[in-house]
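Take a look at the structure below.
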Amino acid sequence: MSLRPLLTTLAVLFGLALVVLAALTVGHRRPQDVPWTRLDLGDTVGMFTGRKLSALKADPAECRALLGRAGIAFTRLPDRRDGPSCGYRDGVRVRTTGPLSIGYRPAIGASCAVAATLATWEWQVVQPAAIRHFGTRVATIDDFGTYSCRRIGGGRRAGATAGWSEHSAANAVDIAGFRLTDGRRVTVVGDWTGTGPKAAFLRDVRDGACRLFATTLSPDYNAAHRDHLHLDQAQRGPAGWRACR
C-alpha cells in the first residue's frame, strides 16, 4: 500500500493547523483583523472593523452595550413610524461628554450603528487627520441631518422605482464641514477642490470613512454630493460589501 495518499493528507492537515494557529495568534494580538472577535470602538481600524460596525444595525442591544463600554453617554430615542417605509426603532442621541469631544451642529439622532461608527471615525480618523494637517483638533462637525423620509435621490416622490434612502431609517448622516478648535472652518462645498491642507484633510476623512461605513459618497461621486459626505450603514447581506464612491 502506497504511503503517498497518507502523507498528502497529513501534509494538508498540518498546513490547516498552521493556518488556524496563525489566525488565533492574529486574533490575540490584533482582534480587529479577524471576524470572530468582539468589536471595541476604541481599537485601531482593522480588516474587519467596518463589517462589524455595519452588523450592529441588526443588533441594537449589542450596539448600545458597546457605547456603554466605550464610556459614551447617549439617550435612546422613541420609536418612530411614518408610513410603511419610513421610521426607526434603534435611534440614539449621543451626548458630547466623556471620550467624545466633537459636537454636531445640529445635534443628530441616528441609528445606533451610525452613532457607534461616528465615534470610531472621530477617534481613529478625524482627529488624527486634523492634527496631521492643521496641528489642532476638530471641535464641531456641521451636518445636514440624519432622518428624512425620502427615496434615494430626492423626496418621497423621487422616482417611483427608486429605493428608499438609508435616511428613511435614520441610518445615514450627511457631513457638511468641520470647525477646528482655533476657529478655522473646513467645508466640503468650499474646500474639496485644491491641493492645500483643507482639501487633503477632507480626502483623508473620506477615505477613512470608506473603511468604516457601508456607504461613503463624496463630491467625486456626483453633483448631488458636491456639498457633503454621505455616510451610512446599509446592510448588504452576509458578504457586507462596501460602496465607496
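Everything numeric here is computed off the predicted structure, so don't read it as measured data.
- Atom CG of residue D232 and atom OG1 of residue T215 lie 3.5 Å apart, to the nearest 0.5 angstrom.
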One pair to check against side chain to side chain contact (heavy atoms under 4.5 Å, CB included): W121 and V205. What are the steps and the verdict?
CA-CA 8 Å; W121 187 55; V205 299; 3.9 Å; yes
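- Residue pairs meeting the ring pair (Phe, Tyr, Trp, His ring centres under 6.0 Å) criterion with at least one partner in residues 190-212, sequence neighbours excluded, are F134-F201, F178-F201.
- Taking OG of S165 as the start and OH of Y147 as the end, the distance is 11.0 Å to the nearest 0.5 Å.
- Around CZ of R76, the count of heavy atoms belonging to other residues, nucleotides or ligands within 6.0 Å does not exceed 12.
- Not counting sequence neighbours, H228 has no partner by the side-chain hydrogen bond (donor to acceptor under 3.5 Å, both in side chains) test.
- Salt bridge status for K52 with E62: absent, with no side-chain N to carboxylate O gap under 4.0 Å.
- Checked against side-chain hydrogen bond (donor to acceptor under 3.5 Å, both in side chains), D182 has the following partners two or more places apart in sequence or in another chain: R184.
- Under 3.5 Å, the side chains of T75 and R95 contain a donor-acceptor pair of N or O atoms.
- The existence of a salt bridge linking R81 and D79 is excluded, since no basic side-chain nitrogen approaches an acidic carboxylate oxygen closer than 4.0 Å.
- Between G46 and R211, the shortest heavy-atom contact is O-NH2, 4.1 Å.
- Pairs passing the side chain to side chain donor-acceptor pair (under 3.5 Å) check and including a residue from residues 102-113, sequence neighbours excluded, read S111-N171.
- A side-chain donor-acceptor contact under 3.5 Å links Q233 and T117.
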Which is it for I108 and L118 under the side chain to side chain contact (heavy atoms under 4.5 Å, CB included) test, yes or no, and what are the steps along the way?
CA-CA 11 Å; I108 62 173; L118 286 173; 3.5 Å; yes
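- Shown here for V114 and A110, the closest heavy-atom pair between the two residues is CG1-CB, 3.9 Å.
- For the atom pair CZ of R203 and CG of D220, the computed distance is 5.5 Å after rounding to the nearest 0.5 Å.
- To the nearest 0.5 angstrom, L41 atom CG is 5.0 Å from L66 atom CG.
- Using a 4.5 Å heavy-atom cutoff, the side chains of L212 and S54 are not in contact.
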Contacts under 3.5 angstrom, residues 83-91 side chains, donor-acceptor by atom type, not counting sequence neighbours:
residue: S85; atom: OG; partner: W164; partner atom: NE1; Å: 3.2
residue: D90; atom: OD2; partner: K57; partner atom: NZ; Å: 3.3

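- Of the possible polar contacts, one joining the Q127 side chain to the V138 backbone as a donor-acceptor pair under 3.5 Å is found.
- Taking each heavy atom of A107 and R93 in turn, the nearest pair found is CB-NE, 4.3 Å.
- By the criterion of side-chain heavy atoms lying less than 4.5 angstrom apart, applied directly or through intervening Ile, Leu, Val, Met, Phe, Trp or Tyr residues, L217 is not grouped with V126; the two fall into different hydrophobic clusters.
- Summarising the geometry of R51 relative to R242, their closest heavy-atom pair is N-NH1, 3.7 Å, with the distance given to 0.1 Å.
- When every heavy atom of A113 is checked against every heavy atom of C63, the shortest pair comes out as N-SG, 3.6 Å.
- Side-chain atoms of Q124 come within 3.5 Å of backbone atoms of G42 as a donor-acceptor pair (strictly under, hydrogens ignored).
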Check step by step if side chain to side chain contact (heavy atoms under 4.5 Å, CB included) holds for R185 and D142.
CA-CA 10 Å; R185 291 190 63 192; D142 295 322; 3.2 Å; yes
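- For the salt bridge (Lys or Arg N to Asp or Glu O under 4.0 Å) condition, the pairs that include at least one residue of residues 112-139, sequence neighbours left out, are R132-D204.
- A donor-acceptor contact shorter than 3.5 Å is absent between the side chain of R206 and the backbone of S218.
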Begin with the C-alpha distance, continue with both residues' side-chain angles, and end with the deciding distance and a verdict on side chain to side chain contact (heavy atoms under 4.5 Å, CB included) for I175 and V188.
CA-CA 8 Å; I175 303 297; V188 176; 5.5 Å; no
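- Here L180 contributes atom CG and T140 contributes atom OG1; the two are 9.5 Å apart, rounded to the nearest 0.5 Å.
- Distance check: R80 CZ to D82 CG gives 4.5 Å after rounding to the nearest 0.5 Å.
- Heavy atoms only, all atoms of each residue included: L56 and A116 are closest at CD1-CB, 4.1 Å.
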